[in-house]
Amino acid sequence: VIVGASLAGLRAAQTLRARGFDGQLTVVGDELHMPYDRPPLSKQLLAGRVRPADCALRLDDLEAEWVLGRRAIGLDLERRTVVCAGPVEYGFDGLILATGSSARPWRGVSLPARRNVFFLRTLDDSLALVDAIRTARKVVILGAGFIGCETASTLRGIGCNVELVDVAPYPMSPLGADVGAVCTELHAEHGVGLHLGVSVQAFEAHDDRIAGVRLTDGSQLPADLLLVAIGAEPNTRWLHGSGLTLDPGIVCDETCEAKGGPDVFCAGDVASFPSSFANGELVRVEHWTNAVEQALVAAGNLLALPDKRVAYDPVPSFWSDQYGIKIQSVGFPARADKHVLLEGDLADRKFVMGFISDGMLVGAVGFASPRRMLWFRRQIAERAMVEQVALQN
Ligand SMILES: Cc1cc2nc3c(=O)[nH]c(=O)nc-3n(C[C@H](O)[C@H](O)[C@H](O)COP(=O)(O)OP(=O)(O)OC[C@H]3O[C@@H](n4cnc5c(N)ncnc54)[C@H](O)[C@@H]3O)c2cc1C
């Protein structure tokens, strides 16, 4: 049984079949859609450049039973069953948990539930936004992380007025101050109103709509539409009391096997795994490449004998598209104690910034440098010292 019918769940299913598993395969998902890709939801789909069908992930001939629109509500490890609403139970010999994450709810000053408040995580969220921006002109986005920034870029591209608000002093703050300054300029140049280092003092509501946002610096932002984009949280609530260790992601060992759950493996946004690139600490990586790579290892290890299991210890990587620029990050920039420009020029918006801890390259952020990022990812994997990287470069 696989719980979570999205990227990691699908890749796990494909891996099981590719490695010769010919038993019964059931994939349970609470969305009504067959697996689809999320990156276009804040980019091409939102811009109206592709249709929902273009976001569908290729399924192959999996011979799986797809149980869609059904949420798993409990896991009984002793009886080896996943319990869904109904109740309906699915027994398993092996289980893969790939329930991903959800948009983090707003927990700041009181936000009245109104029909022009949006989050962006699912295909349905994105389609609801597409519908709303047909008439909304003034958009306020809370959160200048990568979803908030991408959405700002897409909405500017189709002529919306966008105000971007964050408590951090610059957008995409985990990428550091210098990259943050470049992002700030980029948004400002494209006409986004930036409100950084501030938070929300109050929301103003009229009838069934949020009409504006008052910030702690006294600014008043009129709003036709409010997008809350303040991060994501792992979908693990249904596992409370199951015996699995949650932190709040599902804690697993280096083989992706869940702590407390023999023959239970996890992959994707929901998994908390030890990383040697983070001094053995548990990390959760909420990016596309991780969902794909971890699903391969988790499914392979589920089929393997215990002494043949392989360790999952990747150098994380992600990309974001903003104003026609490909922004990429590899490794753990936020763990660095300093950063240094390795290539290019910030002013040209074509560069690679290296992130260093104790002289070792632990992260790199690239603007418009897609080919080079593969090389930098390898250097981080090989634990290269920054002088070495600079010499070879
Ligand atoms: C708008 C957007 C844009 C993105 N763009 C990029 C990008 O440009 N680059 C990048 O690297 N990453 C990007 N990402 C991140 C990337 O899409 C995710 O890392 C990836 O989708 C994770 O895959 P997953 O299968 O682990 O989880 P998810 O895709 O979250 O899927 C989990 C599935 O499990 C379902 N589920 C949850 N709980 C239950 C339950 N109890 N029972 C049954 N089903 C359940 C969920 O509804 C969902 O369908 C983006 C994400 C979003 C939202």
Side-chain angles (χ1 to χ4, degrees), residues 1-14 26-47 55 57 66-75 82-86 88 90 95-104 118-127 129-130 143 145-151 153-154 172 227 229 231-240 242 249-250 256 266-273 284-295 298 314 316-322 325-330 373:
V1 171
I2 297 175
V3 186
S6 181
L7 182 62
L10 174 63
R11 289 292 186 264
Q14 289 167 327
T26 306
V27 188
V28 180
D30 63 357
E31 293 185 75
L32 283 168
H33 308 282
M34 288 299 277
Y36 60 87
D37 223 7
R38 289 177 208 273
L41 305 185
S42 48
K43 309 177 185 73
Q44 301 89 334
L45 187 79
L46 191 57
C55 304
L57 289 166
W66 293 90
V67 182
L68 299 177
R70 184 156 279 177
R71 174 165 299 180
I73 54 172
L75 170 63
V82 170
V83 184
C84 291
V88 189
Y90 299 91
L95 177 66
I96 294 183
L97 300 173
T99 47
S101 47
S102 296
R104 177 170 290 132
F118 293 84
F119 291 81
L120 180 48
R121 180 73 204 175
T122 65
L123 180 58
D124 293 341
D125 292 341
S126 184
L127 292 174
L129 256 182
V130 168
F146 94 92
I147 301 273
C149 286
E150 270 191 356
T151 307
S153 155
T154 304
M172 312 266 288
L227 174 69
E233 294 181 345
N235 292 322
T236 52
R237 200 180 307 168
W238 68 286
L239 292 167
H240 287 183
S242 65
I250 305 168
C256 309
C266 39
D269 281 19
V270 79
S272 237
F273 59 93
R284 226 164 38 75
V285 180
E286 294 173 343
H287 301 308
W288 195 95
T289 310
N290 180 66
V292 170
E293 294 178 345
Q294 193 168 22
S317 87
F318 89 89
W319 81 94
S320 172
D321 297 320
Q322 296 174 31
I325 299 178
K326 183 144 309 277
I327 302 173
Q328 287 166 286
S329 164
V330 291
M373 295 311 285

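The structure displayed is predicted, hence computed values, not measured ones. In listed order, ligands and their atoms are each counted from 1.
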CG (D124) and CG (L129) are apart, to the nearest 0.5 Å, by 11.5 Å
Going by the angle between their ring planes, with limits at 30° and 60°, are F318 and H287 parallel, tilted or perpendicular?
-> parallel
Would you check if the side chain of R11 reaches a backbone N or O of E293 as a donor-acceptor pair within less than 3.5 Å?
-> no
Looking only at protein heavy atoms, identify the closest one to atom 35 (C) of ligand 1 and say how far it is in Å.
-> D30 OD1, 3.3 Å
Numbered in order shown, the ligand 1 atoms found under 4.0 Å of a heavy atom of S101 are 30 (O)
Closest contact, heavy atoms only, T236 versus I250 | CG2-CG1, 3.7 Å
Report the part of K43 (side chain from C-beta onward, or backbone N, CA, C, O) that has a heavy atom under 4.0 Å from ligand 1; answer both or neither where that applies.
-> side chain
Please state whether I147 comes within less than 4.0 angstrom of ligand 1, counting heavy atoms only.
-> yes
Ligand 1 contacted by R11 (non-hydrogen, < 4.0 Å) | no
For ligand 1, which atoms sit closer than 4.0 Å to a heavy atom of F318?
-> 11 (O)
Between A8, C84, S42, flag the one that comes closest to atom 24 (P) of ligand 1 by a heavy atom.
-> A8
Nearest-contact summary for atom 23 (O) of ligand 1 - protein heavy atom, Å | A291 CB, 3.6 Å
Is there a heavy atom of R237 sitting under 4.0 angstrom from any atom of ligand 1?
-> no
heavy-atom search around atom 9 (N) of ligand 1 in the protein gives W319 O, 2.9 Å
Which protein heavy atom lies closest to atom 16 (C) of ligand 1, and at what distance to 0.1 Å?
-> W288 N, 3.8 Å
For G29, counting its heavy atoms only, list the atoms of ligand 1 lying under 4.0 Å from any of them.
-> 43 (C), 44 (N)
What atoms in ligand 1 come closer than 4.0 Å to a heavy atom of E150?
-> 8 (O)
So do L75 and L95 actually touch side chain to side chain, heavy atoms under 4.5 Å?
-> yes
Is the closest basic N to carboxylate O distance between E31 and R38 below 4.0 Å?
-> yes
Check whether any side-chain heavy atom of T122 sits under 4.5 Å from a side-chain heavy atom of Y36, and report yes or no.
-> yes
Indicate the atoms forming the closest heavy-atom contact of L97 with V270, along with that distance.
-> O-CG1, 3.8 Å
Determine whether D125 and L41 make a side-chain contact, defined as any pair of heavy atoms from C-beta on separated by less than 4.5 Å.
-> no
Within reach of ligand 1, part of D269 (heavy-atom separation under 4.0 Å) = both
Name of the residue among Q328, E150, K326 meeting side chain to side chain contact (heavy atoms under 4.5 Å, CB included) with S320 | E150
Looking only at protein heavy atoms, which one is nearest to atom 31 (O) of ligand 1, and how far off is it?
-> S6 CB, 2.9 Å
Is the backbone of N235 close enough, under 3.5 Å, to the side chain of T99 for a donor and an acceptor to pair up by distance?
-> yes
Counting each atom of ligand 1 from 1 as listed, which ones have a heavy atom of E286 under 4.0 Å away?
-> 15 (C), 19 (O)
Non-hydrogen side-chain atoms of W238 and D30 separated by less than 4.5 Å | no
State the atoms of ligand 1, each with its element, that fall below the 4.0 Å cut-off from a heavy-atom position in G268.
-> 26 (O)
How far apart are the closest heavy atoms of A232 and R284, and which atoms are they?
-> O-NH2, 4.2 Å
With a 4.0 Å cut-off on heavy atoms, is H33 touching ligand 1?
-> no
Where does F146 meet ligand 1, judged by heavy-atom distances below 4.0 Å: at the side chain, the backbone, both, or neither?
-> side chain
Atom 4 (C) of ligand 1 [closest protein heavy-atom partner, distance rounded to 0.1 Å] | P39 CA, 3.6 Å
Based purely on interatomic distance, does H287 place a nitrogen or oxygen under 3.5 Å from a nitrogen or oxygen of ligand 1?
-> yes
Counting each atom of ligand 1 from 1 as listed, which ones have a heavy atom of G4 under 4.0 Å away?
-> 34 (O)
Against heavy atoms of N235, which atoms of ligand 1 measure under 4.0 Å?
-> 37 (C), 38 (N)
Residue pair M172 / I327, side-chain heavy-atom distance below 4.5 Å | yes
shortest atom 42 (N) of ligand 1-to-protein heavy-atom contact is with A72 N, 2.8 Å
Looking at atom 29 (O) of ligand 1, what's its closest protein heavy atom, distance included?
-> R38 NE, 2.6 Å
Inter-residue atom distance D321.CG - T154.OG1, 0.5 Å rounding = 8.5 Å
